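Heads up, the thing below is written out as structure tokens.
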Amino acid sequence: MQTYPWWTKEQIEFAKEIEQFATENIPRAEELFWTRTFPMELVEKAVKRGYFGAGIPKEYGGLGLGCTGACIACEQLNRMYAVGHILVTSYIGGLHQILHNGTEEQKQEWLTKMAKGQLGAVCITEVFAGSDAASVMTTAEKDGDEWIINGKKRFTTTAGPAERYLVYAKTSDDPEVRRKNQHLTTFVVEKGTPGFHLEKVNPLVAFDNLPNSYLDFDNVRVPDFNRIGPVGGGWNIMMTGLNFERLIGAAAAAGALEDVIKQVIYYTSRRVQFRSQISDFQHNQFKIADMITKQQVARLVTFYAAYIMDMGQMAAIESGIAKMLNTDYATEIGLDAIQLMGGDGLTRFYPAERLLREGKIGQIVAGTNEVQKLVIYRMGALGYLDWPFRLRWNEKLETPTLSLGKGPWYGKEITEDVMLKILAEDYRCNPGLYMAIDDCEKETGLPKEKILDLWAKLEQKGLIVTFKDRRGNVIMAKANYIGIRKAYPLEHYKWFPDWFDVEKLGF
Ligand SMILES: Cc1cc2nc3c(=O)[nH]c(=O)nc-3n(C[C@H](O)[C@H](O)[C@H](O)COP(=O)(O)OP(=O)(O)OC[C@H]3O[C@@H](n4cnc5c(N)ncnc54)[C@H](O)[C@@H]3O)c2cc1C
């Protein structure tokens, strides 16, 4: 396994040890996969060695290896199929949420048990709340020192064997509270609590020996002690919890890639067709090169995201990118591995088809990859808004070029006529674009209100058009054809490249 220069000595030693453990236990994991047996015996073996405590701080009985350690453990244990997923669900069923929002007593109560192998699960998804996770209908009502939970959850991984369930429930119906996403609260519900039932186990395309289930909460009473974070704080806890979920899910997905690539290289060097090893065909080598590239990129983005999370950053974009890339890569590598192994690749004897099936699940869990793109766009694009350049007329070159800083009208008196000229000049340099208020501020130095006032007057005169945002606020403007003509004669806008002979070819 490749380690990274920024890992600590402890993390490197841990990685080597757990890699060997996983390798030695793959044959048994394989048997449990075939017989569709929940791999409790392997979980117990991993717990005995302390591996379920990798991401848990030492003061709560863990190994104190941070998010990086959690990722190393999820990556390596996922080479043993369900064992890795079980660690992932145990961690997403509370580690990050309790560590960052729980009281000291709550951490002592649940993190210590987690380190000792108590299995957990997270319950966000409901029948009517999938990607739209804020729309959960499960309710929690306060009754003295207790909360009464009613509702249902679905698609809960490890539901059944898990002992601890981290549940998001609605605690307010007030539309104003809902608008602020303060309507959810987080609770721990333990297996065996009266009224808490397992309703149905899903037959899935993968997760061969791992249950994924519906849950029913029928007047389930939990003490206020089981509330994690403030009443109404559930949405924020869910969002930061999901960052961690995406991170360790990405690590688990990355863990499955290396073994499949090794299997493919082993296979293609032993398979002979047309008197050649099929690994000698360049087309096959290119496919394997692509697989290696993806596997290395997958690990790099994952462990970079883990590192910055360990540095205290939210890593919302980075963990979303890692989750999306790694699960896309898993399906792509799964498909390529099958293709490289021909008919054998489609049999359950080899792990290629399993990677494809698991990869497909990965593209949907923890927020679908489309939802990751929404997150990456909404949060990521914020970091790209500071484009400091504007296309302005370059007198020397007599063409629009990227320019910095203030425009030629900056600080001068801006009458309606001048504003029209500014918008018309913008047509000359950026013909297809509206001019935003920010652009106009850069050109004129005027305050926003003054710009809007001038735009309103010009629009009334039918010389410009404005663009309003969804709330009805004017945010951009452009000169219309009448305004463009009124501001300057046609000659002003004419522009022909050097090679175009206007005399001969133009008119
Ligand atoms: C195997 C498995 C394990 C799971 N484990 C858990 C678990 O342990 N705990 C838990 O709480 N949940 C779990 N889930 C639920 C999982 O998180 C949801 O399935 C996922 O969030 C998508 O919700 P949905 O299935 O209702 O799809 P929908 O939200 O109905 O989405 C359907 C399609 O519409 C697209 N879509 C939806 N909204 C938008 C939008 N705004 N823009 C663009 N596209 C959109 C989606 O990308 C998708 O392609 C699991 C699911 C599976 C399949």
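No experiment lies behind these values; they were computed from the predicted model shown. Note that ligands are numbered from 1 as they come in the structure, with each ligand's atoms numbered from 1 the same way.
Within the 4.0 Å cut-off (strictly below), a protein heavy atom is located near atom 37 (C) of ligand 1. Atom 30 (O) of ligand 1 lies below 4.0 Å from none of the non-hydrogen atoms of the protein. Atom 4 (C) of ligand 1 is approached by the protein to below 4.0 angstrom, counting heavy atoms only. Atom 45 (C) of ligand 1 is never approached by the protein to below 4.0 angstrom, counting heavy atoms only. Inside a 4.0 Å radius of atom 7 (C) of ligand 1 there is at least one protein heavy atom.
Proximity to Thr157 (heavy-atom distance under 4.0 Å) selects the following atoms of ligand 1: 3 (C), 4 (C), 5 (N), 6 (C), 7 (C), 8 (O). Short contacts between ligand 1 and Phe207, defined as distances under 4.0 Å to a heavy atom of the residue, involve ligand atoms 1 (C). Using a 4.0 Å cut-off to heavy atoms of Glu370, the atoms of ligand 1 that qualify are 44 (N), 46 (C), 47 (O), 49 (O). Interface atoms of ligand 1 facing Ile364, defined by a heavy-atom separation under 4.0 Å, are 19 (O), 20 (C). Contact atoms of ligand 1 toward Ala366: 17 (O) (distance under 4.0 Å to a heavy atom of the residue). The atoms of ligand 1 that sit less than 4.0 Å from any heavy atom of Asn212 are 1 (C), 2 (C), 3 (C), 4 (C), 5 (N). Interface atoms of ligand 1 facing Thr156, defined by a heavy-atom separation under 4.0 Å, are 7 (C), 8 (O). For ligand 1 and Thr368, the ligand atoms under 4.0 Å from any heavy atom of the residue are 22 (C), 46 (C), 47 (O).
Residue Leu247 comes nearest to Cys71 through the heavy atom pair CG-SG, 3.6 Å, listed as atom of the first residue, atom of the second, then distance. Annotation for Phe196 and Glu190: closest pair CD2-O, 3.7 Å, computed over non-hydrogen atoms. Between Met137 and Glu126, the shortest heavy-atom distance links the atoms N-OE1, 2.7 Å. Nearest heavy-atom pair, Met238 versus Ala133, reported as atom, atom and distance to 0.1 Å: SD-CB, 3.9 Å. Nearest approach of Ala253 to Asn326, heavy atoms of both residues: CB-CB, 4.0 Å. Heavy atoms only, all atoms of each residue included: Thr125 and Gly130 are closest at CG2-CA, 4.2 Å.
Annotation: cation-pi geometry not satisfied between Arg164 and Trp110 (NZ/CZ under 6.0 angstrom from ring centroid, within 45° of ring axis).
The shortest side-chain heavy-atom distance between Trp147 and Glu141 does not fall under the 4.5 Å cut-off. Looking at Gln263 and Pro351, their side chains come closer than 4.5 Å, going by heavy atoms from C-beta outward.
Considering backbone and side-chain atoms together, Phe155 places an N or O closer than 3.5 Å to an N or O of ligand 1. Between Ser131 and ligand 1, an N or O atom pair is found at a separation short of 3.5 Å. Between Val122 and ligand 1, at least one N/O pair is under 3.5 Å apart.
Residue, atom and distance of the protein heavy atom nearest to atom 24 (P) of ligand 1 are Gly130 CA, 3.9 Å. Here the protein heavy atom with the shortest distance to atom 42 (N) of ligand 1 is Leu374 CD1, 3.5 Å. Among all non-hydrogen protein atoms, the one lying nearest atom 2 (C) of ligand 1 is Val365 CG1, 3.3 Å.
Aromatic pair Tyr165/Phe187: centroids not less than 6.0 angstrom apart. The ring of Trp7 has its center closer than 6.0 angstrom to the ring center of Phe303.
Looking at Leu204 against ligand 1, only its side chain comes within 4.0 Å, counting heavy atoms. By the criterion of a heavy-atom distance under 4.0 Å, both the backbone and the side chain of Thr125 are placed next to ligand 1.
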Query raised in the report: Yes or no on ring-ring contact (aromatic ring centres under 6.0 Å, His included) for Tyr81 and Phe207, after CA distance, side-chain angles and deciding distance?
Result: CA-CA 8 Å; Tyr81 319 122; Phe207 282 11; over 10 Å; no
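The neighbour count for Tyr307 OH, taken as heavy atoms of other residues, nucleotides or ligands under 6.0 Å away, does not exceed 12.
In the candidate list Val88, Ile361, Ile124, Ile124 is nearest to atom 11 (O) of ligand 1, counting heavy atoms.
A distance of 8.0 Å separates OG1 in Thr3 from CZ in Arg299, rounded to the nearest 0.5 Å.
Every heavy atom of Ala121 sits 4.0 Å or more from the atoms of ligand 1.
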